[in-house]
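In what follows, a structure is listed as structure tokens, so that the remarks can point back to it.
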Amino acid sequence: MLTQAIKGVKDILPEDSPKWRRLEDAVRKLFSDYGFSEIRTPIIEHTVLFARSIGATSDIVEKEMYAFKDQGGDEITLRPEGTAGVVRAYAEHKLFASRPVTKVYYMGPMFRRERPQAGRLRQFHQIGVEALGVSEPGIDVDVLAALVELFGRLEAQGVELHINSLGCKDCRAAYKAALKDFLMRKTDSLCPDCQRRIETNPLRALDCKSERCKAATADAPMMSEYLDGDCRAHFESVKQGLDDLGIQYVVDPRMVRGLDYYTRTTFEMIAVDKQGAQNAVAAGGRYDGLVEEIGGPSTPGIGFAIGVERLLMMLPEAGNGAGSPQVYIAAIGGRAERFGQKLADELRKCGIPAERDYSPGGLKNQMKKADRSGASFTAIIGEDEMARGAAIIRDMKSREQTEVRFDRLVEEIKTLTRSL
RNA sequence: GUGAGUGUAGCACAAUGGUGGUGCACCAGAUUGUGGAUCUGGGCGUUGUGGGUUCGAGUCCCAUCACUCACCCCA
């Protein structure tokens, strides 16, 4: 081999693609039911967009982005997440003017240069939604309802919705300061990672897996104690709305999100059987300052992203489903082969999936291939049939054969396959 | 970025330092114009790569690459 696929980048082979398509089809229908339209934004953006929105000191921006200078000297980055691009498009095309409430969804590849492991790739796929222009908690509930319903429709087992509120810029700043203060006093009882986190990401310490840290932070101040009146009311409304819809959730005051832009409502869909590693299958939250941050008008927003590979891992295995022809054409001899080619072409033009042998051997051989292809019928055409002007149609399941004159062949196959 | 594990046929796996095998899959035949079962036969490996130790290395040592898993981080 001259070379291989890039580390952490996977081919989706023909045997895998049906389940991707099934997922995508279900997602499109569902988002349309919930009033979201598709948006397709570029895979590359100016580096500054991500640096600004995700947060310059986040791990993603600091060490995981595929960032490069193109031949013209522009700083370009392969998108590591989807929200920034959508928000950029929203502001750039001034959608706030024509569509004060913008509800969109997207699906596509994202790129982060991390060490690959289970459920973590360098090119991975996300399906996400963004709802811009609504600050009321009702939209939070709708977005969460769509997320929960998606998992329901896909029959994903063993997931839990966890929610929290990070407050607005003001109350979070107050909380962060209080937490930092608390952690500094506990430094000695924290793991080395958490000692580092005090400066880089104090909230993260609440989420630490080490027992030492869990004990040390047991009586740490909680965000919920620092929410101001509006943020508290917003969170209460969201919970009330979820209750009204009968949506189960866990309030998780220690839940932390990685991206800087989140405010108020945040949430994750967690695979409960995977304690620890890569258990977040979907995550999102409100980002009320983001549009303004990148130069648009002050606009509230909320959204989430689903990790497609992580979701696929927990879906029930379904049969292969696609790719079987309805008719296999077994032709023996040069004259018959030319006839077979024409027959295949006619059937395909009628929308009947037809396959044939490009390097036909004997009939036995072709029957084997017909069987393996999963075809429902096989059209057998040899010298005898050419002479008689009629083909043999074999029902592969019942093994019954009928002779059909060439001039009625396409019509007859149409009738036979209609009932499939 | 840190740590650990694994690299043998298309796939799944064996092989005490002494001639690299088995199953599945594949191809052919038994059945010369009829598929799934059965039987018989067939091909395959530069044992990831490069060094070293040894009379002799798939096996031991070193390096390197790839993959996997965990940490970090995150979808």
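Quantities reported herein were computed from a predicted structural model and do not represent experimental measurements. So you know, we letter chains A, B, ... as the sequences are listed, proteins then strands, and number each from 1.
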Determine the Euclidean distance between corresponding [atom1] atoms of [M] and [N]; express it in Å to zero decimal places.
N	M	atom1	value
G43(B)	C27(B)	C1'	8 Å
C26(B)	G10(B)	P	15 Å
A25(B)	A63(B)	C1'	36 Å
C71(B)	G18(B)	C1'	43 Å
G20(B)	A57(B)	P	11 Å
U47(B)	A9(B)	C1'	10 Å
U68(B)	A30(B)	P	45 Å
G29(B)	G23(B)	C1'	22 Å

So which protein N/O to nucleotides 66-69 of chain B N/O distances come out below 3.5 Å?
| residue | atom | partner | partner atom | Å |
| --- | --- | --- | --- | --- |
| C67(B) | OP2 | K7(A) | NZ | 3.0 |
| U68(B) | OP1 | K10(A) | NZ | 2.9 |
| C69(B) | OP2 | A118(A) | N | 3.0 |

Next on the checklist: Quick check: on RNA chain B, is the nucleotide nearest G284(A) upstream (toward 5') of the one nearest E385(A), or the reverse? Name the residue that is more 5'.
Outcome noted: E385(A)

Checklist entry - Between L363(A) and I306(A), which is nearer to the 5' end of RNA chain B once each is assigned its nearest nucleotide? => result L363(A)

Distance check needed: [N] [atom2] versus [X] [atom1], whole Å only.
X	N	atom1	atom2	answer
E114(A)	G1(B)	CD	P	12 Å
M396(A)	G35(B)	CE	C1'	5 Å
E130(A)	A75(B)	CD	P	12 Å
F124(A)	A75(B)	CZ	P	8 Å
E15(A)	C11(B)	CD	C1'	11 Å
I393(A)	U34(B)	CD1	P	18 Å
L13(A)	C11(B)	CG	C1'	14 Å
K368(A)	U31(B)	NZ	C1'	12 Å

Hey, does [X] reach any base, or is it just sugar-phosphate, or nothing, if we go heavy atoms under 4.0 Å?
X	result
A370(A)	nothing
M110(A)	nothing
E383(A)	base
L311(A)	nothing
Q401(A)	base
R394(A)	base
R196(A)	sugar-phosphate
I380(A)	base

Item to check | Cationic N near anionic O, under 4.0 Å, R399(A) to D395(A) | outcome: no

Please write out each protein N/O paired with an N/O of nucleotides 7-10 of chain B under 3.5 Å, distance rounded to 0.1 Å.
none

Distance-only criterion, 3.5 Å: show the donor-acceptor pairs between side-chain atoms of residues 3-13 of chain A and protein atoms not counting sequence neighbours.
none

Item to check | Aromatic ring pairing F31(A)/F304(A), orientation class (parallel under 30°, perpendicular over 60°, tilted between) | outcome: tilted

Restricting to salt bridge (Lys or Arg N to Asp or Glu O under 4.0 Å), what partner residues turn up for [X], sequence neighbours left out?
X	value
E412(A)	R408(A)
E114(A)	R120(A)
R113(A)	none

Under 4.0 angstrom between [X] side-chain N/O and [N] OP1 or OP2:
X	N	result
R204(A)	C74(B)	yes
N365(A)	A28(B)	yes
K364(A)	U32(B)	no

Checklist entry - Does any pair with a residue in residues 159-180 of chain A pass salt bridge (Lys or Arg N to Asp or Glu O under 4.0 Å), and if so which ones, sequence neighbours excluded? => result K180(A)-E199(A)

Checklist entry - What residue pairs, at least two apart or across chains, pass salt bridge (Lys or Arg N to Asp or Glu O under 4.0 Å) with a residue in residues 58-67 of chain A? => result D59(A)-K63(A)

Listed pairs under 3.5 Å, donor-acceptor, residues 126-133 of chain A side chains, sequence neighbours left out:
| residue | atom | partner | partner atom | Å |
| --- | --- | --- | --- | --- |
| E130(A) | OE1 | Y287(A) | OH | 2.4 |
| E130(A) | OE2 | T83(A) | OG1 | 2.7 |

Next on the checklist: Checking V251(A) against K239(A) for the side-chain contact (heavy atoms from CB on, under 4.5 Å) test, could you report, in this order, the C-alpha distance in whole Å, the side-chain angles of both residues, the deciding distance, and whether it holds?
Outcome noted: CA-CA 9 Å; V251(A) 176; K239(A) 288 190 283 189; 3.8 Å; yes

Checklist entry - Given Watson-Crick or G-U pairs with both distances under 3.5 Å, what dot-bracket string fits RNA chain B, with | for other-strand pairs and [ ] for crossing? => result (((((((..((((....[..)))).(((((.......))))).....(((((..]....))))))))))))....

Checklist entry - Considering residues at least two apart in sequence or located in another chain, which fulfil the ring pair (Phe, Tyr, Trp, His ring centres under 6.0 Å) criterion with F339(A)? => result F406(A)

Checklist outcome for this item: Hits for ring pair (Phe, Tyr, Trp, His ring centres under 6.0 Å) against Y175(A), two or more places apart or cross-chain, chain-then-number order -> Y226(A)

Item to check | Residue pair Y66(A), I76(A): steps toward the side-chain contact (heavy atoms from CB on, under 4.5 Å) verdict | outcome: CA-CA 8 Å; Y66(A) 281 99; I76(A) 308 285; over 6 Å; no

Checklist entry - Of the nucleotides C73(B), G36(B), C27(B), which one has an atom closest to the side chain of R399(A)? => result G36(B)

Checklist entry - Donor-acceptor pair under 3.5 Å: do we get one between R310(A)'s side chain and the base of C74(B)? => result yes

Next on the checklist: One pair to check against side-chain contact (heavy atoms from CB on, under 4.5 Å): M65(A) and S58(A). What are the steps and the verdict?
Outcome noted: CA-CA 11 Å; M65(A) 292 203 307; S58(A) 69; over 6 Å; no

